[in-house]
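Written out below as structure tokens is the structure these notes cover.
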Amino acid sequence: MGLTRRAWSRHVPKANMLDPNRMDDVLRRGGDVGKAVEQWKLVDQKRKSLQGELDGLRASRNSANERMSKLDKKSAEFVAARDELKLLASKIKEDEAALSATEADAEQQLLMLPNAPHSSVPDGKNEHDNQVLHVWGTAPTFPDGFVPKNHWDVGEALGILDFERGAKISGARFTVLKGWASRLTRALMNYMLDLHTSNGYQEVWPPALVRRASLRGTAQLPKFEADVFRLAMPEPPPGTAPESIVPDNDLFLSPTAEVQVTNLHSDEILDASVLPIKYCAYAPCFRAEAGAYGKDTRGLIRQHQFDKVELVKFTTPETSYAELDALRTDAERVLQGLGLHYRVMTLCTADMGFGSSKTYDLEVWLPGQNAFREISSCSNYEDFQARRAKIRYRPNAGDKPRMVHTLNGSGIAIGRTLVAVLEQYQQVDGSVIIPPALRPYCGGLERIPAPAV
RNA sequence: GGAGGAGUGGCCGAGUGGUUUAAGGCAGCGGUCUUGAAAACCGCCGAGUGAAUAGCUCCGGGGGUUCGAAUCCCUCCUCCUCCGCCA
């Protein structure tokens with residue numbers, strides 16, 4: 001397929017980065033969103049009036065240029081006209097500077113506004129207002145008197161999770177997987193990708209490092225820069241003018257394959273006939289998670305580096321909610337195939353991610369923690385990312401381009417799945433049963449043998 | 001890492017300072033003709049902003065020179081060729 005790239009000047013403010021018709025819905029997010037919206041409207045008004053004024057000046061310059069081209073370059077008339085136009089040129093330059101400052105201001109404000117929740121999303125104040133959509137399976141039962149262990153106890157006893165050496169090599173929140181933990185990770189990755197490709201997803205193996213522009217396209221930036229690992233910038237060559245330094249080679253460790261895969265089609269106008277597009281991708285994920293100190297400090301739940309298979313869809317606006325349900329079902333298949341007990345939550349307005357219009361979380365049962373924990377998050381971003389990343393489609397030949405809807409969901413987090421397997425399939429003797437679906441990927445092994453005492 | 005070359009509308013491609021407010025071709029859409037199709041002929045045919053069939057902006061991105069830049073200068077990005085290095 002040829003790459004269809006269209007110029008979309010950086011100078012043009014993304015006035016429609018947030019659909020103006022959805023501003024009322026954005027207010028459901030609560031907090032000081034209302035104030036931010038009002039502020040943006042003022043700046044945007046200023047931008048429009050500056051633009052109008054500047055356009056008028058440019059129009060007069062353009063018609064003057066037409067006359068200039070016909071004049072004798074040595075005539076007194078030419079010289080007089082040129083001197084007069086110098087004034088106009090400097091006025092235009094002034095206005096351009098003012099406009100571009102206002103545009104930058106408007107754009108920065110817009111980038112900080114969250115997406116509008118879909119009408120079906122429940123209002124809420126915090127995560128306790130999320131709603132249970134359904135529950136699948138039942139919690140494993142253990143013999144009387146046996147208290148199920150945490151996965152880190154199970155894993156360390158088996159010698160397959162090495163937290164101490166992970167920290168020695170790389171610091172806190174890095175873990176070394178050994179033996180069957182390593183093998184199971186590989187097995188899970190293949191099991192998930194095989195499952196999704198057989199369900200019509202095209203497999204993608206993306207780069208792990210991404211540019212600032214890509215992170216901005218999927219809305220991790222500019223608001224959440226503190227959560228992403230950034231590579232040290234190479235020094236610009238000596239003598240480089242500051243205004244000419246564009247951070248296009250400013251690289252980050254991708255926090256999720258959603259970034260790479262969604263940006264596959266940034267700056268493109270897709271043909272309607274190719275929609276919906278369904279991708280699945282494995283990628284290592286890196287999160288700095290500033291502010292998460294003290295949460296889940298033990299175990300594999302919250303790591304700076306983890307593995308995940310991601311599902312991404314590009315759809316028309318008309319079908320995106322049906323596709324969201326289908327995507328969530330495809331993620332659920334992974335857990336069902338492994339026989340892991342889980343539930344599905346519909347997130348309320350307060351708990352949804354910044355860019356999402358609607359999100360379902362899959363929460364797997366962890367007997368060692370006696371709790372459900374998030375293992376997948378499936379969201380419809382509607383046109384929020386499409387506007388930032390400029391992903392459009394043409395409904396019919398000759399039609400104006402429209403924004404696509406982008407969706408993504410974990411399909412699913414591999415490390416947390418390993419956690420769930422270790423906890424749900426642990427046996428009294430310390431051994432762990434391998435779910436049947438994974439055995440073909442583990443050389444037929446049925447059980448990780450109990451640790452030698 | 002070093003040395004060269006190149007980036008123009010869906011595709012190809014002209015254009016080295018002012019009738020380019022981007023030629024021409026291909027593809028696409030509409031029409032004439034035809035029983036139908038092909039061919040031929042005629043017309044339409046990039047995007048963004050904007051209430052707009054007005055105006056303005058966009059020739060990889062950004063900046064500069066000039067009354068005026070696709071065209072000249074700087075810089076970044078991307079691709080290609082050769083050398084080096086490497087898995």
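What you see below is based on every heavy atom in this structure, not just the backbone, and it leaves out hydrogens, waters and symmetry mates. In what follows, chains are A, B, ... by sequence order, proteins preceding strands, each numbered from 1.
For the pair Phe78(A) CZ and G18(B) P, the interatomic distance rounds to 12 Å; values are reported in whole Å. Distance Leu71(A) CG to G17(B) C1': 16 Å, rounded to the nearest Å. In this entry the distance linking CD of Glu268(A) with P of A47(B) reads 16 Å, nearest Å. Look at CG on Asp267(A): it is 18 Å from P on C77(B), rounded to the nearest Å. Residue Glu96(A) contributes atom CD, which lies 13 Å from atom C1' of G64(B) at whole-angstrom precision. Put simply, CZ on Arg67(A) is 15 Å from P on U21(B), counting in whole angstrom units. In this entry the distance linking CG of Asp44(A) with P of U49(B) reads 12 Å, nearest Å. Glu103(A) has its CD atom 11 Å from the P atom of G50(B), to the nearest Å.
Evaluation of the side chain to side chain donor-acceptor pair (under 3.5 Å) rule for Asn62(A) yields no partner, not counting sequence neighbours. Not counting sequence neighbours, Asn190(A) has no partner by the side chain to side chain donor-acceptor pair (under 3.5 Å) test.
Here, A6(B) and C12(B) have their C1' atoms 16 Å apart, quoted to the whole Å. With both ends at atom C1', the span from U78(B) to G15(B) equals 23 Å, rounded to whole Å. A37(B) and C29(B) are spaced 13 Å apart, taking the P atom of each and rounding to whole Å.
Judged by Watson-Crick or G-U wobble contacts below 3.5 Å, the nucleotide G28(B) has C44(B) as its partner. Across all strands shown, G1(B) forms a Watson-Crick or G-U wobble pair with C83(B), both key distances being under 3.5 Å. Nucleotide G7(B) is matched to C77(B) when pairs are restricted to Watson-Crick or G-U wobble geometry with both distances under 3.5 angstrom. When both distances must be under 3.5 Å, the Watson-Crick or G-U wobble mate of A54(B) does not exist. A38(B): no Watson-Crick or G-U partner with both key distances under 3.5 Å is found in any strand. Base pairing analysis places A70(B) opposite nothing; no Watson-Crick or G-U wobble pair with both distances below 3.5 Å involves it.
The listed nucleotides are A47(B), U57(B), G18(B); the one nearest the side chain of Lys400(A) is A47(B). Ranking G18(B), A47(B), G50(B) by closeness to the Arg47(A) side chain, first place goes to G50(B). For Met68(A), taking side-chain heavy atoms from C-beta onward, the closest of the listed nucleotides A47(B), A51(B), C67(B) is C67(B). The Pro401(A) side chain lies nearest to G48(B) when the options are U78(B), A51(B), G48(B). Side-chain proximity of Arg394(A) to G68(B), A47(B), U78(B): nearest is A47(B). When distances run from any side-chain atom of Lys93(A) to the nucleotides G50(B), A47(B), U65(B), the shortest one goes to U65(B). Side-chain proximity of Ala59(A) to C77(B), G48(B), C56(B): nearest is C56(B).
With a 6.0 Å radius and a threshold of 12 heavy atoms from other residues, nucleotides or ligands, Glu66(A) has its CD atom at or below the threshold. Atom CD of Glu84(A) is surrounded by 12 or fewer heavy atoms from other residues, nucleotides or ligands within 6.0 Å.
Asn62(A) comes within 4.0 angstrom of sugar-phosphate atoms only, judged by non-hydrogen atoms across all strands, and of no base.
Less than 6.0 angstrom separates the ring centroid of His304(A) from the ring centroid of Phe229(A).
A donor and an acceptor atom sit less than 3.5 Å apart, one in the side chain of Asp55(A) and one in the base of G55(B).
Both Gly56(A) and Glu66(A) lie near RNA chain B, and the one whose nearest nucleotide falls closer to the 5' end is Glu66(A). Summary of the strand contacts: Ala64(A) and Arg58(A) both lie near RNA chain B, and taking for each the nucleotide with the nearest heavy atom, the more 5' one is attributed to Ala64(A).
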Practice problem: Could you go through the side chain to side chain donor-acceptor pair (under 3.5 Å) check for Thr218(A) and Glu258(A) one step at a time? | Solution: CA-CA 8 Å; Thr218(A) 37; Glu258(A) 161 197 346; 5.0 Å; no

